[in-house]
Amino acid sequence: MKRIISLLIALFTVNYALAALPPQYQNVNDLDVMVDYIKKHPEVASTLKSIELIEYTIYYGDGCKVVFNRKPSTKPGPAAPLEFRESNCVIK
């Protein structure tokens, strides 16, 4: 019985680990979403200050920021893509 439980745990762990996207690829995907947003909004691009990948935030203008988030997932697999959440300044 212990062997069966151990085997099931091992199989679940391996499947879960293999389904996740490695951090370097996830970071590149996240950065692509943020850069695409900058390219689509000239006022952000022209006053860009920095991109914070850990906080999923673009800083631009005079104290302005655009924040992205990711929908939480309860199943194994790659993380959901970043989505626009909010901006503290009006973006045209």
Check the hydrophobic clustering (I, L, V, M, F, W, Y; side-chain heavy atoms under 4.5 Å; chains of links allowed) and say if Tyr59 and Phe68 are grouped together. no

Roughly how far apart are Leu53 CG and Leu31 CG, rounded to 0.5 Å? 6.0 Å

Count the heavy atoms belonging to other residues, nucleotides or ligands that lie under 6.0 Å from OH of Tyr25, then report whether that count exceeds 12. no

Could you measure the distance from the CD atom of Glu86 to the CD1 atom of Ile91? Nearest 0.5 Å is fine. 10.5 Å

Shared ILVMFWY cluster between Val35 and Val28, side chains joined below 4.5 angstrom? no

Summary of salt bridge (charged side-chain N to carboxylate O under 4.0 Å, His left out) pairs that have at least one residue in residues 34-45, sequence neighbours excluded: none

Looking only at heavy atoms, which two atoms of Gly61 and Lys49 are closest? And how far apart? O-CE, 3.0 Å

Closest contact, heavy atoms only, Tyr60 versus Leu48: CB-CA, 4.0 Å

Grab the two heavy atoms, one from Gln26 and one from Arg70, that are nearest each other, plus how far apart they are. NE2-NH1, 3.3 Å

With Arg85 via side chain to side chain contact (heavy atoms under 4.5 Å, CB included) - residues at least two apart: Val67, Asn69

Under the side chain to side chain contact (heavy atoms under 4.5 Å, CB included) test, residues paired with Asn88 that sit two or more places apart: Cys64, Lys65

